[in-house]
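Residue numbers start from 1 in every chain, and the chains themselves are labelled A, B, ... in the order their sequence lines are given, proteins ahead of strands. Being a predicted model, the structure only gives us computed values, none of them experimental.
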Protein chains: 2
Amino acid sequence: MARRRQAVTIKHVAADAGVSLQTVSRVINKEPNVRPEMKAKVQASIDKLGYVPSIAAQRMSGSRSYLILALNDRDRTIADWKERQGADWVDQMLLGGMLKCAEHGYRLIFELVDTHSDHIERELTAAIAALQPDGVILTPPHSDNPLITGVLEKQDIPFARISPGVPGRGIAITMNDDGAAEMATDYLADLGHSRIGFIAGPDEYSVSGWRTDGWEKAMATRGLDTAGLFHKGDFSFESGREGAEALLNGPNRATAIIASNDQMALATLEVAREKGLAIPADLSLISFDNTPIVKFTHPQLTAVDQPIAQVAAKAVDLIIAAHRDGEVPDAPVVVPADLVERASTAPPR
Amino acid sequence: MARRRQAVTIKHVAADAGVSLQTVSRVINKEPNVRPEMKAKVQASIDKLGYVPSIAAQRMSGSRSYLILALNDRDRTIADWKERQGADWVDQMLLGGMLKCAEHGYRLIFELVDTHSDHIERELTAAIAALQPDGVILTPPHSDNPLITGVLEKQDIPFARISPGVPGRGIAITMNDDGAAEMATDYLADLGHSRIGFIAGPDEYSVSGWRTDGWEKAMATRGLDTAGLFHKGDFSFESGREGAEALLNGPNRATAIIASNDQMALATLEVAREKGLAIPADLSLISFDNTPIVKFTHPQLTAVDQPIAQVAAKAVDLIIAAHRDGEVPDAPVVVPADLVERASTAPPR
DNA sequence: CTGAAAGCGCTAACAT
DNA sequence: ATGTTAGCGCTTTCAG
């Protein structure tokens with residue numbers, strides 16, 4: 001393959017504008033100490049020649065690569081893709097992250113890493129060495145993986161932790177999961193439900209605990225009993241079935257259920273149908289993911305909508321700011337979730 | 001932000017192994033003319049120090065950036081993401097493309113470009129200048145955009161065209177769309193249908209024409225009349241409704257319909273329900289996308305499954321080969337689609 | 001405010 | 001089979 005050189009480099013621009021390389025560089029990087037007329041002249045040449053800096057060269061000398069790495073859970077993502085059930089989380093991250101990156105002249109590079117792997121540090125170090133990203137976005141469960149955050153801290157790379165479970169360095173961004181669970185519980189209680197069941201996610205994801213907390217708090221505030229209304233699942237369809245079976249068993253069964261993700265909500269739907277329970281007449285159901293499929297169930301599911309795109313965009317903004325002037329918000333940034341009302345909720349019989 | 005240097009460079013490895021930089025470079029690049037013992041010594045140092053080459057530096061001197069650009073239709077992808085209906089095509093491309101890239105030590109960079117934009121050449125040139133990718137994957141409708149292929153040809157960058165409509169340079173990869181449409185039509189005819197309708201996609205996507213061709217050929221082969229059985233849509237739900245209305249009108253209505261994508265299939269489902277037609281008893285339906293949602297309709301849809309992941313993987317393989325030794329397959333590479341039988345097809349009444 | 005020089009990490013071309 | 005030299009395109013010193 002032919003050795004490919006940059007078509008138009010900073011040299012061409014400098015020659016065309018009749019200035020030194022430095023001046024061009026200063027204009028590109030929006031540095032001060034350039035007279036407006038110089039700047040205009042250089043900019044004219046840049047536009048004329050269609051010059052675009054090579055990020056490889058920029059990375060070589062300077063400190064910016066204009067690359068942001070988004071790390072997602074490998075097994076989970078691949079499994080979702082392979083089953084062709086979509087990966088809404090990934091889509092929304094790309095939507096929010098890529099577009100925001102583009103605004104800043106950055107690129108988002110999407111990477112999969114295995115959180116359970118014993119060579120996770122090696123994998124991550126390799127990705128960083130190869131790409132030299134200006135920042136990293138961590139999604140659950142990576143947000144709380146000390147092996148990952150450790151590498152990032154040591155290398156002094158700005159990183160955002162989405163829905164982190166424990167305090168720590170890095171930019172924390174949450175979606176107010178406990179508040180959202182509380183809101184969903186309140187919504188059901190306001191409809192008249194008192195037997196509101198909750199199917200939780202696994203401890204590995206810290207959002208699981210928060211969502212549970214929100215439900216518990218709302219129930220406690222209203223003085224509602226939670227006995228026999230809680231089941232811990234693992235986000236899988238099968239565990240959702242088990243949860244639904246447990247909560248819909250006996251005379252004192254739940255009349256409403258909040259499932260911590262879409263798969264477990266779908267499973268609950270299936271179990272309810274098997275038991276001859278009509279939704280929403282006999283059972284109200286709220287999903288904790290507003291993924292595409294909850295609009296294709298019968299009835300369509302009322303769901304907590306997580307603003308993943310906005311979170312990703314926020315993460316990009318904050319990472320770029322952190323990379324530029326080292327400013328990191330001291331408190332977690334909150335991008336609150338919303339409740340989307342559809343047809344799976346109604347007052348109890 | 002602190003200026004971040006490579007933690008461990010080729011120099012460290014060379015010093016540690018007691019050889020020259022070049023020898024290390026040769027080992028990294030698997031070049032010949034290195035004695036096994038040297039190679040082993042160098043490799044030991046690489047492993048010991050955890051050395052990983054900087055792709056920025058590799059790009060600066062050599063001809064490889066280890067980056068492959070995947071170009072998708074901007075408006076369409078963003079629209080799908082925003083409606084949270086998923087973007088199965090994108091997911092599958094990432095699945096196949098990323099994993100295959102990883103095997104080769106490459107990275108896939110996902111980009112959105114607007115095919116209708118008048119500054120598309122500028123956009124693309126900028127992306128290429130910034131990233132210097134070793135190859136580009138073009139998806140419809142970009143595969144046939146002469147502005148895009150022109151830039152790539154001129155810059156001598158290997159590129160794959162997925163489902164290209166017209167011959168041209170670059171690596172062509174098809175999914176045998178006409179064969180798949182023929183297969184779907186035959187499947188329905190074998191069930192006993194003779195009034196098999198077809199809702200086509202827009203001309204902008206060349207697959208639309210091929211799928212239509214396949215249907216027409218199958219119908220002709222069996223001597224079946226196609227009058228009143230064809231409608232051209234634009235892949236949108238609304239156009240699918242129009243198509244279904246047209247094909248299900250009158251006494252001589254279609255008893256089976258093939259929709260060229262999932263949205264139009266869903267629309268057909270809705271129209272059928274409105275008309276009181278049971279599926280599959282009164283109407284058989286085949287979707288031309290096996291996206292997640294077709295498994296959540298009632299009944300689940302029989303669908304043509306397009307092997308997008310395999311196509312993307314194949315594209316990566318071929319691009320890397322082309323970049324390495326300039327070898328480009330002279331005939332289009334075919335990765336055939338399959339028919340997934342579900343519950344939306346049955347013999348006519 | 002602007003320019004000249006040095007060097008980032010790596011590989012191609014040319015020695016040896 | 002191995003080492004040496006000269007850049008790639010850009011930014012960071014450091015001089016003017």
Side-chain angles (χ1 to χ4, degrees), chain A residues 1-42 46 49 51-67 105 128-132 134 323-324, chain B residues 1-42 46 49 51-67 105 128-132 134 323-324:
Chain A
M1 207 58 210
R3 178 191 175 93
R4 188 164 49 246
R5 281 213 177 68
Q6 202 81 350
V8 30
T9 74
I10 197 170
K11 275 188 190 167
H12 299 100
V13 177
D16 185 83
V19 299
S20 73
L21 303 185
Q22 277 21 281
T23 306
V24 178
S25 175
R26 287 187 179 109
V27 172
I28 295 167
N29 295 295
K30 299 185 176 52
E31 281 173 28
N33 296 348
V34 184
R35 268 183 309 164
E37 48 200 280
M38 282 262 97
K39 186 168 170 173
K41 199 164 62 175
V42 171
I46 290 177
L49 301 176
Y51 167 71
V52 176
S54 149
I55 66 160
Q58 292 189 128
R59 169 62 242 172
M60 282 299 291
S61 22
S63 55
R64 289 183 305 295
S65 66
Y66 295 99
L67 259 26
I128 291 173
L131 260 14
Q132 296 282 0
D134 288 349
H323 181 80
R324 205 178 38 228
Chain B
M1 207 57 211
R3 176 193 176 91
R4 190 163 47 247
R5 280 212 179 71
Q6 203 82 349
V8 30
T9 74
I10 197 170
K11 275 189 190 165
H12 299 100
V13 177
D16 185 84
V19 300
S20 74
L21 301 185
Q22 197 47 11
T23 304
V24 178
S25 175
R26 287 189 179 107
V27 172
I28 295 167
N29 295 295
K30 299 184 176 53
E31 280 173 28
N33 298 347
V34 184
R35 269 184 307 163
E37 48 201 279
M38 283 262 96
K39 186 169 172 174
K41 198 163 62 175
V42 170
I46 289 177
L49 301 175
Y51 167 72
V52 176
S54 149
I55 67 161
Q58 289 185 311
R59 167 63 241 170
M60 283 300 291
S61 25
S63 53
R64 289 183 306 295
S65 66
Y66 295 100
L67 259 27
I128 291 172
L131 260 13
Q132 296 282 1
D134 288 350
H323 181 80
R324 207 177 36 229

- Query: What does B:Pro53 touch in the nucleic acid at a heavy-atom separation under 4.0 angstrom: a base, only the sugar-phosphate, or nothing?
  - Reply: sugar-phosphate
A:Met60 CE to C:dG7 P, in whole Å, measures 14 Å
Note: A:Val19 and A:Met38 closest approach over all heavy atoms is CG1-CE, 3.6 Å
In whole angstroms, the gap separating C1' of D:dT2 from NZ of B:Lys39 amounts to 15 Å
Looking only at heavy atoms, the pair that brings A:Tyr66 and A:Asp134 closest together is N-OD2, 3.0 Å
For a quick test of reading the model: is some side-chain N or O of A:Arg35 closer than 4.0 Å to OP1 or OP2 of C:dT2?
yes
In terms of heavy-atom contacts, B:Gln58 and B:Pro53 come closest through NE2-CB, 3.5 Å
Quiz item: For D:dT11, does OP1 or OP2 lie under 4.0 Å from any side-chain N or O of A:Ser25?
Solution: yes
When rounded to whole Å, the CG to C1' distance for the pair A:Leu21 and C:dA4 reads 9 Å
Give a yes/no on whether any side-chain N or O of B:Asn33 is located under 4.0 angstrom from OP1 or OP2 of D:dT2. no
Notebook entry, point to check: For A:Gln58, which contact category applies under a 4.0 Å heavy-atom criterion: base, sugar-phosphate, or nothing?
Noted result: sugar-phosphate
Could one point to a donor on the side chain of A:Arg26 or the base of C:dG3 with an acceptor on the other under 3.5 Å away?
yes
Q.
Show, in sequence, the C-alpha distance, side-chain angles and deciding distance for A:Val13 and A:Val27, and conclude whether the side-chain contact (heavy atoms from CB on, under 4.5 Å) test is met.
A. CA-CA 11 Å; A:Val13 177; A:Val27 172; over 6 Å; no
Rounded to whole Å, the CG-P distance (A:Asn29 to D:dT13) equals 13 Å
Would you tell me if any nitrogen or oxygen in the side chain of A:Thr23 comes within less than 4.0 Å of OP1 or OP2 on C:dG3?
-> yes
